[in-house]
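Just so it is clear, the model here is predicted, and its values are computed rather than measured.
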Amino acid sequence: MSVKENLQLIQENIAEVCRKTNRDPSEIKIIAVTKYVSTETAQSAIAAGIEHIGENRDNGLNQKWEIIGEHAVWHFIGTLQTRKVKNIIDKVDYIHSLDRLSLAEEINKRAENIIKCFVQVNAANEESKQGLSVDEVVPFIENLKDFPLIKVVGLMTMAPFIEDEGVLRETFSKVKKLQKDVQALNLPYAPCEELSMGMSNDYKIAIEEGATMIRIGTSLVGKEF
């Protein structure tokens, strides 16, 4: 199937989930994760109607940005090393992996404009994953008050890569509850209106639990390398 056909199927799935949960499909933004595909395939996603492109590595983002530039909204969705912030800060619209103060300091130091950030939550407490524990998130966000160029637009999580729907649902629902806790703080720099959660294997469950951004790679653009 082509990227356009894949996108149509995903949009149909989103519409069906939204009907079941009384949500508006326009609330859901699809981020095409292009880590494993060429710039040409990323361009075909944009031609099919995708607006948001997500990259996990600074070099991959830079290579595609040189060709695509402002024809897409750019998301950095991978673990971001502090020393690599300077490589992507002038190109990204969103960073999905803010999880430590040293990274916040570097983003604030390097940015020329406000950067929309997601705080990464390791909601399932997996040793193999980055991110803050659920209990660490609120204190961490409160400590971001001194960084005027960081805006916490939401929370991001990755559920365990398993088929157990109960575990997936519990993971996503924890982050939805946490979002409400952050919103209750009424912090002007942390409106926390977005939830970045759900990938190719679990995005329908994520939407049911409140996701507003889903990060889709294989089932949308495939895998070329």
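For the residue pair Gln179 / Lys176, a side-chain donor-acceptor distance below 3.5 Å is found, with atom types taken as modelled. If you check the side chains of Ser38 and Thr41, you find a donor sitting under 3.5 Å from an acceptor. Under 3.5 Å, the side chains of Ser133 and Asp135 contain no donor-acceptor pair of N or O atoms.
The line from OG of Ser173 to CG of Leu178 is 11.0 Å long, rounded to the nearest 0.5 Å. Atom OG1 in Thr34 sits 3.5 Å away from atom CD in Glu55 (nearest 0.5 Å).
Remark: side-chain polar atoms of Tyr189 are not paired, donor with acceptor, to backbone N or O of Asp146 under 3.5 angstrom. Under a 3.5 Å cut-off, the side chain of Thr171 and the backbone N or O of Ala124 do not form any donor-acceptor pair. The main-chain N or O of Ala104 is never found under 3.5 Å from a side-chain atom of Asn108 such that the two would form a donor-acceptor pair.
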Do Glu16 and Lys204 pass the salt bridge (charged side-chain N to carboxylate O under 4.0 Å, His left out) test, and can you show the C-alpha distance, the side-chain angles, and the key distance before you say yes or no?
CA-CA 9 Å; Glu16 178 60 27; Lys204 289 186 276 189; over 6 Å; no
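Shown here is Glu5, whose CD atom has more than 12 heavy atoms of other residues, nucleotides or ligands within 6.0 Å. Counting non-hydrogen atoms of neighbouring residues, nucleotides and ligands closer than 6.0 angstrom, the NZ atom of Lys151 reaches no more than 12 such neighbours. Within 6.0 Å of the CD atom in Glu51, the count of heavy atoms belonging to other residues, nucleotides or ligands does not exceed 12. Residue-environment remark: CD (Glu126) exceeds the threshold of 12 foreign heavy atoms within 6.0 Å.
For the pairing with Leu98, the side-chain contact (heavy atoms from CB on, under 4.5 Å) check across Leu80, Ile141, Ile150, Leu132 returns one residue only, Ile150.
Using cut-offs of 30° and 60° on the angle between ring planes, the pair Phe118 and His96 is parallel.
Salt bridge annotation for Glu194-Lys116: absent, with no cationic side-chain nitrogen under 4.0 angstrom from a carboxylate oxygen. The pair Lys109-Glu105 does not meet the salt-bridge criterion, since no charged nitrogen lies less than 4.0 angstrom from a carboxylate oxygen.
Considering only heavy atoms from C-beta on, Ile14 comes within 4.5 Å of Ile30 through its side chain.
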